[in-house]
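The next block holds one structure in the form of structure tokens; read it before the comments.
The structure displayed is predicted, hence computed values, not measured ones. Residue numbers start at 1 and run along the sequence shown.
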Amino acid sequence: MPKVTPYILYAIPVFFLLIGVELLVARLMKREVYRLNDAIANLSCGVAQQVVGVLMKGILLLGYLYLYEHYRLLDLGADRWWVWVVCFVGVDFFYYWFHRYAHEISFMWGGHIVHHQSEEYNLSVALRQGSFQAFTSWVFYLPLAWLGFDPVVFLVVAQFQTLYQFWIHTRLIDKMWWPIEFLFNTPSHHRVHHGINPQYIDKNHGGTLIIFDRLFGTFQVEEQEVVYGVTKPLNSWNPIWANLDYFVDITQLIVRCRNPWDMLLVLVKGPGWRPMYLGGPQTPQPVTAQVFKKYDIRLPDGLGSYVFAQYVVILLGASSFLALSGQLRSAFDGWEEWAWMMGLAALVLLCVTNMGGLLARKSWAPPVEAVRLILMIAATAALMWASPVYWLPLAVGGVWLAISMFWLARFRGAWIHEMAAPL
């Protein structure tokens, strides 16, 4: 397996710094571009995607490596500048086709839809990614392996393309200088891509470049104010449900089909397709920003502050898990390694899921929160025993968890009462 610097992981602090800058600029401009519940849901989907990525690390690259090592046509190497340039164009070309088909083929849309579910548009949306998307995207890049692009070159370029797409998720940057707008994907172009206005759906699929949309007929300029989200709103802050909701819908549709051919078409036709005896293809309805109602829930007093404070610690813990996953692998052998990895991954997913439950005022969330804190205290103690070198940050984390237990005990009764009340 090639050793490649994980630039995306190292860029995480920069992402959060830029999110803070966007918040500050929006405040100065007196524009509301963030909501706590939506932003946390976006970050939770990103955390879930990264955690699943750690568990599947390397598996999805094996196809590229095998094709490169056994069937490549050329030895292009990594020491010539033009190889990097051609690989960059190639990655963007195949990304365009992956991204386009992820919108036009139903089962692929199920992996990509998570990125579009937010009804806001800000830098936190860039981090909202589907956990299952990588299971289909890797196939599109195999021609680069066959042509002879070194896996290290491919991985570095692919990371750069992903990093580029972070900054275009903002409403605070208007249209740019026309040569930039003509060649590159910009905030204006990508706002269109996230729109559910009928004229914007399935447009502007480019990654770094926008020229492939212009060449293949999927380019659309930003005109009408964009309405963000998906045509069937998720109406949930739960990152696990965000990844499963669409697959549940198409499974229910498949069960209602009368023959195997229609079952197959449900999977490979565009989202919204259904046979005529089930109503026929569904078309997007006109929508405007003035009448569109976003999913939102009022929180009991103090709950928003509690969730925010907990989430900061959860993000630090999840980032540590991602950064130290390699050390955990080397510290244990066999089943112990996977027990630690699976256990910590499950705990991280429980953390972000229950934050979504609290934000949605689910009555089960406060009791589960008490269980979550107890599990985190137990995990902290176990890690201190297994890795004494990290005893100081883990001890600080343990103190924070104890404070959180008192905080939760103080407000739990009031929160449960309000969560059971009608909105």
Side-chain angles (χ1 to χ4, degrees), residues 38 42 45 92 95-122 125-126 128-130 132-133 136-137 140 165 168-171 175 181 184-207 209-236 242-243 245-250 253 265-276 278-295:
D38 180 85
N42 294 339
C45 289
D92 220 62
Y95 175 84
Y96 167 83
W97 285 107
F98 151 70
H99 198 184
R100 178 170 175 172
Y101 285 130
H103 281 254
E104 296 178 354
I105 298 176
S106 189
F107 78 90
M108 291 183 63
W109 175 240
H112 183 61
I113 191 174
V114 178
H115 182 58
H116 286 262
Q117 290 164 341
S118 174
E119 294 170 347
E120 302 291 346
Y121 191 76
N122 51 56
V125 176
R128 184 185 184 105
Q129 300 292 330
F132 304 130
Q133 179 172 286
T136 55
S137 63
F140 287 80
Q165 293 181 65
I168 61 178
H169 290 82
T170 183
R171 290 158 54 192
K175 292 183 180 180
E181 293 283 332
F184 295 99
N185 200 2
T186 65
S188 177
H189 297 328
H190 206 59
R191 285 193 291 268
V192 166
H193 179 72
H194 276 257
I196 57 172
N197 316 59
Q199 71 269 35
Y200 292 160
I201 290 178
D202 296 344
K203 301 295 184 181
N204 298 0
H205 301 295
L209 304 173
I210 202 67
I211 55 175
F212 297 118
D213 286 284
R214 296 182 183 276
L215 286 172
F216 298 113
T218 53
F219 177 72
Q220 170 64 47
V221 69
E222 183 180 20
E223 298 169 333
Q224 177 187 359
E225 183 177 356
V226 182
V227 179
Y228 303 100
V230 288
T231 53
K232 182 213 165 192
L234 177 66
N235 290 344
S236 173
N243 280 278
D245 177 58
Y246 186 78
F247 289 112
V248 170
D249 284 348
I250 60 174
L253 185 57
L265 291 180
V266 166
L267 292 174
V268 300
K269 285 279 192 176
W273 185 90
R274 58 186 62 189
M276 294 305 296
L278 293 179
Q282 308 297 294
T283 56
Q285 299 302 306
V287 63
T288 64
Q290 289 70 35
V291 301
F292 182 74
K293 185 174 178 58
K294 299 175 182 178
Y295 174 66

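In the model, Tyr96 has a side-chain atom that pairs as donor or acceptor with a side-chain atom of Thr218 under 3.5 Å. At a cut-off of 3.5 Å, with distance as the only test, a side-chain donor of Ser106 or Tyr246 sits close to an acceptor on the other residue. In this structure, a donor-acceptor pair under 3.5 Å is present between the side chains of His169 and His115.
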- Message: I'd like to know whether Glu225 forms a side-chain contact (heavy atoms from CB on, under 4.5 Å) with Phe292, so could you lay out the CA-CA distance, the side-chain angles of the two residues, the decisive distance to 0.1 Å, and finally the verdict.
- Response: CA-CA 12 Å; Glu225 183 177 356; Phe292 182 74; over 6 Å; no

- Criterion side-chain contact (heavy atoms from CB on, under 4.5 Å) on Thr288 and Gln224, from CA distance to verdict: CA-CA 8 Å; Thr288 64; Gln224 177 187 359; 3.7 Å; yes

- Does the pair Lys232 and Asp245 meet the rule for a side-chain contact (heavy atoms from CB on, under 4.5 Å), with working shown? CA-CA 10 Å; Lys232 182 213 165 192; Asp245 177 58; 3.4 Å; yes

- Task: Quick one: do Leu253 and Leu278 satisfy side-chain contact (heavy atoms from CB on, under 4.5 Å)? Show the steps, please.
- Result: CA-CA 9 Å; Leu253 185 57; Leu278 293 179; 3.8 Å; yes

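Atoms CD and CG, from Gln129 and Asn42 in turn, are 10.0 Å apart once rounded to the nearest 0.5 Å. Between Arg214 atom CZ and Asn204 atom CG the span is 8.5 Å, to the nearest 0.5 Å. Separation of atoms CD (Glu181) and OG1 (Thr186) is listed at 3.5 Å; rounding is to 0.5 Å. The CZ atom of Phe219 sits 12.0 Å away from the CG atom of Leu215 when rounded to the nearest 0.5 Å. Annotation: the span from Arg191 atom CZ to Thr170 atom OG1 amounts to 7.5 Å, rounded to 0.5 Å. To the nearest 0.5 angstrom, Ile113 atom CD1 is 12.0 Å from Gln133 atom CD.
Arg128 approaches Val114 most closely through the heavy-atom pair NE-O, 2.6 Å. The minimum heavy-atom distance linking Leu267 with Ile105 is given by the pair O-CG2, 3.7 Å. Contact record, Glu119 with Asp38: N-OD1, 3.8 Å, taken as the closest heavy-atom pair. Considering all non-hydrogen atoms of both residues, Pro281 and Trp273 come closest at CG-CD1, 3.9 Å. Residues Pro198 and Val287 share a closest heavy-atom pair of CD-N, 4.3 Å. The shortest non-hydrogen separation linking Asp92 to Leu209 is OD2-N, 2.8 Å.
The environment of CZ in Phe184 is sparse: at most 12 heavy-atom neighbours from other residues, nucleotides or ligands sit within 6.0 Å. For Tyr101, the OH atom is loosely surrounded, since the number of other residues' heavy atoms within 6.0 Å does not exceed 12.
Taking the six-membered ring where tryptophan is involved, the planes of Phe216 and Phe212 are essentially parallel, since the angle between them stays under 30° and well short of 60°.
The side-chain heavy atoms of Pro233 and Tyr295, taken from C-beta on, include no pair separated by under 4.5 Å. At a threshold of 4.5 Å between non-hydrogen side-chain atoms, the residues Val221 and Lys175 count as touching.
Of the options Glu222, His103, Gln220, Lys203, a side chain to side chain donor-acceptor pair (under 3.5 Å) to His193 is made by His103 and by none of the others. Of the candidates Trp109, Tyr200, Tyr228, Trp109 is the only one forming a ring-ring contact (aromatic ring centres under 6.0 Å, His included) with His116. The ring-ring contact (aromatic ring centres under 6.0 Å, His included) with His112 is formed by just one residue from the set His194, His99, His205; it is His99.
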